[in-house]
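Beneath this line is the structure, given in structure tokens, with notes to follow.
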Amino acid sequence: MHLSRYFMPILREPPKEAEIVSHQLMLRAGMIRQSAAGIYSWLPLGYRVLRKIEQIVRQEQDRAGAIELLMPTIQSADMWRESGRYDDYGKEMLRITDRHKRDLLFGPTAEEVITSIFRDGIKSYKELPRNLYNIQWKFRDEIRPRFGVMRGREFLMKDAYSFDLSKEASRLSYARMFAAYLRTFARMGLKAIPMAADTGPIGGDLSHEFIVLAKTGESQVFCHSDLLEIEVPAANTNFQGDLTEVMEQWIGAYAATEEMHDAKRFEAEVPKDKRVEARGIEVGHIFHFGTKYSEAMGARVQGPDGNLINLEMGSYGVGISRLVGAIIEAGHDDSGIIWPVSVAPFEVGLINLRVGDGATDSVCADIYAKLTGAGIEVLYDDTDERAGAKFSTMDLIGLPYQVVVGPKGVKDRQVELKDRKSGEKQTMSFEGVISRVIEDVQRNRILV
RNA sequence: CGGAGCGUGGCGCAGCCUGGUAGCGCACUUGUCUGGGGGACAAGGGGUCGUAGGUUCAAAUCCUAUCGCUCCGACCA
């Protein structure tokens with residue numbers, strides 16, 4: 001992509017409404033624009049990141065055996081009356097009336113829809129277990145949206161729903177999603193730690209929040225430092241099998257958010273030098289909630305003995321739009337964002353320091369062609385800005401690698417490669433930078 | 001919903017108290033010089049001052065209402 005033809009309205013100063021750093025940087029980098037309180041347009045740069053995160057979530061759900069479908073944003077109130085939640089849900093639910101005066105709502109979650117679909121589509125225990133997921137925009141009319149996309153009213157969420165015949169089988173489904181989440185967040189360069197969670201209004205008896213540690217996190221969290229060292233399940237993990245052991249490895253050590261924190265237990269179970277007290281951001285939440293919806297909505301199958309059995313269900317959410325903010329909170333410096341390759345809007349920024357200089361232009365054109373030809377995503381700054389402005393912009397938007405080409409270096413057939421994260425700069429030949437960048441990008445695309 | 005604050009050009013702000021031709025910095029356009037970490041000079045373009053009423057010869061400024069946004073609290077992926 002040539003920057004001179006792209007749409008990336010950057011701001012030098014952060015708009016005053018942005019309080020936290022991820023919100024400021026997303027506005028400054030031209031990733032989002034606010035449309036109403038807690039509702040955002042995703043500009044091209046931000047949308048590219050959102051789609052990459054979505055794609056990682058999708059790949060890991062597929063790997064774990066979940067099946068994607070797409071459910072509507074607008075739901076019928078009738079379904080919610082059936083589950084008994086229509087009146088319980090309160091003002092967070094955006095209620096809408098159509099021209100026939102029928103009650104509709106903008107879905108804050110999809111348990112009702114999925115339960116009804118699944119109930120009508122399946123009759124026998126032979127068709128279990130199944131896990132269905134969808135990636136869709138949700139709306140919760142938060143009293144006070146804040147922190148940009150971290151706590152918007154409209155948000156993109158992956159939610160998966162497992163259906164099993166028994167509680168034991170359902171726990172296997174839970175462990176499978178648990179393991180999938182470990183991989184999902186690790187691939188985005190995040191250390192996400194599962195922590196025991198309150199099951200809240202959804203109900204049930206097994207629930208974990210996945211918390212990303214970040215200095216600017218919204219809540220205080222406590223855990224054993226060993227949890228930071230455990231390897232996530234490898235790509236070739238057999239997700240058909242029993243992953244209980246993987247899960248137990250993670251839930252063995254102490255980890256809790258402030259709501260669930262028990263200071264006495266923390267001190268008793270975790271040696272002083274292993275205690276981590278940090279800030280955290282919730283990026284995923286999984287529940288095993290049993291038969292709450294299947295009973296209310298009549299989702300049953302016939303078992304081997306011919307008797308009807310209520311389905312055991314679990315639900316598994318990932319805040320995809322929120323993750324964009326969380327990744328920035330976890331990765332930035334004074335100059336701007338620092339993207340991991342796996343979710344970066346472009347993988348490489350190519351800076352032409354002297355647009356109009358024949359030799360410099362042609363070296364840039366050559367590098368651009370060779371990198372894009374190798375499947376690398378390059379944002380080529382071919383604008384007629386001054387060097388300083390270009391460096392600042394590139395640092396702000398946080399592409400992992402910067403290739404800097406100027407007339408001085410070109411004379412000696414040299415260009416510069418800068419690593420955004422370390423700030424390290426190396427001078428090398430045209431050919432050298434091309435092979436080096438291709439190699440580094442390909443190696444870092446998939447982190448685990 | 002309780003408390004606090006803010007709406008003036010794309011972004012950041014001054015002007016309001018004490019009514020009198022709408023300003024500053026950045027960004028933008030054109031030109032010249034420049035050119036490796038947000039450059040200099042010159043000339044320009046862009047704003048029904050959130051909206052609606054009212055007071056007044058005259059309203060960004062005073063009064064009333066209303067809408068929007070932000071922060072603190074209760075709530076939350």
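By convention in this document, chain letters (A, B, ...) are assigned in the order of the sequence lines, proteins followed by strands, and residues within each chain are numbered from 1. Being a predicted model, the structure only gives us computed values, none of them experimental.
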Going by modelled atom types, is there a donor-acceptor pair between the base of B/U70 and the side chain of A/Arg146 at under 3.5 Å?
no
Close side-chain approach of A/Leu379 to A/Ile397, heavy-atom, < 4.5 Å
yes
Contact between A/Leu213 and A/Leu228 at the side-chain level, heavy atoms closer than 4.5 Å - yes or no?
yes
Can A/Thr427 and A/Gln414 be counted as having a side-chain donor-acceptor contact under 3.5 angstrom?
no
Check this for me: does the side-chain of A/Glu13 come within 3.5 Å of the base of B/G10 through a donor and an acceptor?
no
Looking only at B/C72, B/G36, B/C69, the nucleotide nearest the A/Leu353 side chain is B/G36
Does A/Met157 reach the side chain of A/Gln136, with side-chain heavy atoms less than 4.5 Å apart?
no
Listed pairs, N/O of protein and of nucleotides 42-45 of chain B, under 3.5 Å:
none

Please classify the nucleic acid contact of A/Lys158 as base, sugar-phosphate, or nothing, using heavy-atom distances under 4.0 Å.
nothing
Counting distance alone, no hydrogens or angles: does the base of B/G36 have a donor or acceptor under 3.5 Å from a partner atom on the side chain of A/Glu416?
yes
If you measure from the ring centre of A/Phe155 to the centre of the six-membered ring in the base of B/A77, is it under 5.5 Å, with the planes under 30° apart?
yes
Nearest-nucleotide pick for A/Arg140, side chain only, options being B/G36, B/A77, B/C75:
B/A77
Across the strands shown, which category fits A/Pro14 at heavy-atom distances under 4.0 angstrom: base, sugar-phosphate, nothing?
sugar-phosphate
Looking only at B/G38, B/C69, B/C75, the nucleotide nearest the A/Arg12 side chain is B/G38
For the base of B/G35, is there a side-chain donor-acceptor partner from A/Arg386 under 3.5 Å away?
no
Does any non-hydrogen side-chain atom of A/Phe106 lie less than 4.5 Å from one of A/Met93?
no
Counting only side-chain heavy atoms from C-beta out, which of B/A77, B/G38, B/G36 sits nearest to A/Pro407?
B/G36
Atom CD of A/Glu385 and atom C1' of B/U34 are separated, to the nearest Å, by 14 Å
Decide yes or no, distance alone: a donor-acceptor N/O pair under 3.5 angstrom between the base of B/C75 and the side-chain of A/Arg151.
yes
